[in-house]
Structure formats: C-alpha cells, structure tokens
Amino acid sequence: MASPFRSDILKGKVTLITGGGSGIGFEIATQFGLHGASIAIMGRRKQVLDSAVAALRSLGIWAFGFEGDVRKQEDASSVVESTFNNLGSLDILVNAAAGNFLVSAEDLSPNGFRTVMDIDSVGTFTMCHQALKYLKKGGPGRNSLTGGTIINISATLHYTAAWYQIHVSAAKAAVDAITRNLALEWGADHDIRVNGIAPGPIQGTPGLSKLAPEEINSKIREDMPLYRIGEKWDIAMAALYLSSDAGSKTLWSRLLELQKVNL
Ligand code: COA
C-alpha cells in the first residue's frame, strides 16, 4: 500500500525500536526507515536481528541491530548508549517488545505472570527511563526547546477481559498507565511527546499466530467492525503519524495545554 505521508517525513530522526526484529516492531522499523529515519532495533535473538537489519539495509535504510533483553537494566542502558554512539542522537523510542502465551489463570504460575509483566510493563518503563537523558529537550544531540517522542505499543485485551491472557491483560494495562503518566510528567517537564497505540488482532505477527491459531481467525474476522484483521502497516502508519511533526498536537499534548491554561 502507498504511504499517505511524504517520504522524508522522518528525515534525520533516529529511532530505537524494541522488538524491532519481527512483527509489528519490524514493520514500524521498515516504514520509519522508508520515511527517512535511521533505525536501531533491539532484540534478544542475534539471528533475528541480523536478518532484520539485512532486510532493512536492502531497502536502503540506515539500520543497526543491538542485542538485549528489555528485562535487564544493563542491556537497556547499553542499547540506548549504542544507539546514540552509532547514530548520533535518539529522537524516537518505540516500545514494541512483548511476551505472550495462552494459558488459563489456574495453570499460570506467578513466575509466568511476572515474566510477561517484566517484559511488557517493567521493560517499557526501563527503556523510557534509560532513554530520558537523550529524549529530553537540551539532552545530548538535541536543542534546548524540543524533546523527542515515545510510542508504547499495548493492546485492547484489558479494555474488557480476554480468555487465558490474564498476564498479558495486566501487563498491557500497566503499559497504558505508563504512557499516560509519562505523557503528563515528561510532556510538561521535558517536552517529550508520549503516545500509545493499542492494536487489536494484527495478521502476520508472532502474537496472533500464538494467541489465535488459523482455525479461529475466521471467527475473529466476523467480530471485527471492518470484517478484517488489522495489518502491521496500519499500526506503522499510526506510529509514523504520531512520530511526525504532524502528530505533535495529539490528544495528550492538547490535554497538557488545556491543563496549563487551567492552572
Ligand atoms: N504456558 C504457561 N507458562 C509459561 C509458558 C506457557 N506457554 N511459557 C512460559 N511460561 C512460564 C514458565 O513456566 C515460567 O514459569 P515457572 O518458572 O513458574 O515455570 C515463566 O513463564 C518463565 O518462563 P521462561 O521460559 O523461563 O521464560 P523466557 O524468559 O525464556 O520466555 C516468553 C518467556 C514469554 C518471553 C517466551 O514465551 C517468548 O520468548 N516469547 C516470544 C515473544 C512473544 O511471545 N512475542 C509475541 C508478542 S505479542
């Protein structure tokens, strides 16, 4: 599909994407790269990172892969540093790394619950925290007026309830809370724009193949208002909009402005 955006909309922007080697994260890496951004992707598996970087470079995208686990603070720190050192700045952080598996609450061990909370929720906060130094206005590689951007990928499971995904629902609810609170604090203090995207089922992702085997995909389609499952491209375009200058007047920044007016 043709992009509705100009191909240079992210020219000069350095983007770090966790979980950028596959699924939604890889599509965001691809589309951001095709719209002018330089790309760093972070993931646990070297082979996945290597082939993702090769695919991005074959499209003419300036891309690097950095191994790391968002659950480890030292990895988060070294990947953020490597991004800055190799690409010269850090303008956009996309938290797309996630862990997932289907299991009933009865069969899920507390450690299984904690594992997904650690990846999705604590991992998202840790990455944001490590990147703050570079994203805040006046940070290294940045002018004194304009901060960077954070996009957190969550889900819609926790809006109601979802079978066999209590751990993921709890983790994504926490991600949404992190997004709102950072939007408030870091928007006001550091001019960092923080937004979230909550995809429903997206085809061609490890998440969907794990959580909804092909036999129940047709049922999901019937439940969708558009009678189709979302595509990775849809999410990448939303992320592109929110990261661009056009997205700078989004809901949260408008709310902040209103709050400032009301103070
Ligand atoms: N069902 C039930 N429990 C499970 C499980 C499953 N399918 N997979 C892991 N767990 C539990 C383990 O039993 C363990 O708990 P225990 O110590 O009480 O037994 C705990 O989770 C940690 O398991 P472990 O295998 O050590 O975790 P890990 O860190 O190696 O990897 C995931 C866990 C979730 C990250 C792994 O499934 C994974 O790599 N997923 C790929 C990423 C992904 O799912 N992407 C899609 C995003 S939507």
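These numbers come from a predicted model, not from an experiment. Start at 1 and go down the list; that is how both ligands and their atoms are numbered.
Applying the side-chain contact (heavy atoms from CB on, under 4.5 Å) criterion to Ile119, with sequence neighbours excluded, gives Val70, Arg71, Thr115.
Below 4.0 Å from some heavy atom of Ile119 lie the following atoms of ligand 1, by number and element: 35 (C). Near Gly112, meaning under 4.0 Å from one of its heavy atoms, ligand 1 places the atoms 11 (C), 15 (O), 20 (C), 21 (O).
Under the 4.0 angstrom criterion, atom 29 (O) of ligand 1 counts as having a protein heavy-atom contact. At a distance under 4.0 Å, no protein heavy atom can be found next to atom 12 (C) of ligand 1. The protein does not reach atom 24 (P) of ligand 1 closely, with no heavy atom under 4.0 angstrom from it.
Between the Asp234 side chain and the Glu231 main chain, a donor and an acceptor come within less than 3.5 Å of each other. Asp191 places a side-chain N or O within donor-acceptor distance of the main-chain N or O of Gly147, the cut-off being under 3.5 Å. Although no hydrogens or angles enter the test, the distance criterion places no donor-acceptor pair under 3.5 Å between the side chain of Asp120 and the main chain of Lys172.
Crowding of Ile202 atom CD1: a count of heavy atoms from other residues, nucleotides or ligands under 6.0 Å exceeding 12.
When every heavy atom of Ser243 is checked against every heavy atom of Phe32, the shortest pair comes out as OG-CZ, 3.3 Å.
Of the protein's non-hydrogen atoms, the one nearest atom 9 (C) of ligand 1 is Phe101 CE2, 3.6 Å. Here the protein heavy atom with the shortest distance to atom 17 (O) of ligand 1 is Asn111 ND2, 2.9 Å. In this structure, the protein non-hydrogen atom closest to atom 47 (C) of ligand 1 is Ala98 O, 3.5 Å. Counting only heavy atoms of the protein, atom 20 (C) of ligand 1 lies nearest to Thr115 OG1, 3.5 Å. In terms of protein heavy-atom proximity, atom 19 (O) of ligand 1 is nearest to Ser109 OG, 4.2 Å. From the protein, the heavy atom lying nearest to atom 36 (C) of ligand 1 is Lys210 NZ, 4.3 Å.
Only one option out of Leu182, Leu132, Thr146, Leu93 pairs with Ile192 in a side-chain contact (heavy atoms from CB on, under 4.5 Å); it is Leu132.
Between the side chains of Tyr164 and Glu106, not a single donor N or O lies within less than 3.5 Å of an accepting N or O.
Counting heavy atoms under 4.0 Å from ligand 1, residue Arg44 touches it through the side chain alone.
Under 4.0 Å is where a charged nitrogen must lie from a carboxylate oxygen, and between Glu185 and Arg180 no such pair does.
Proximity of Arg71 to ligand 1 is established by a heavy-atom distance of less than 4.0 Å.
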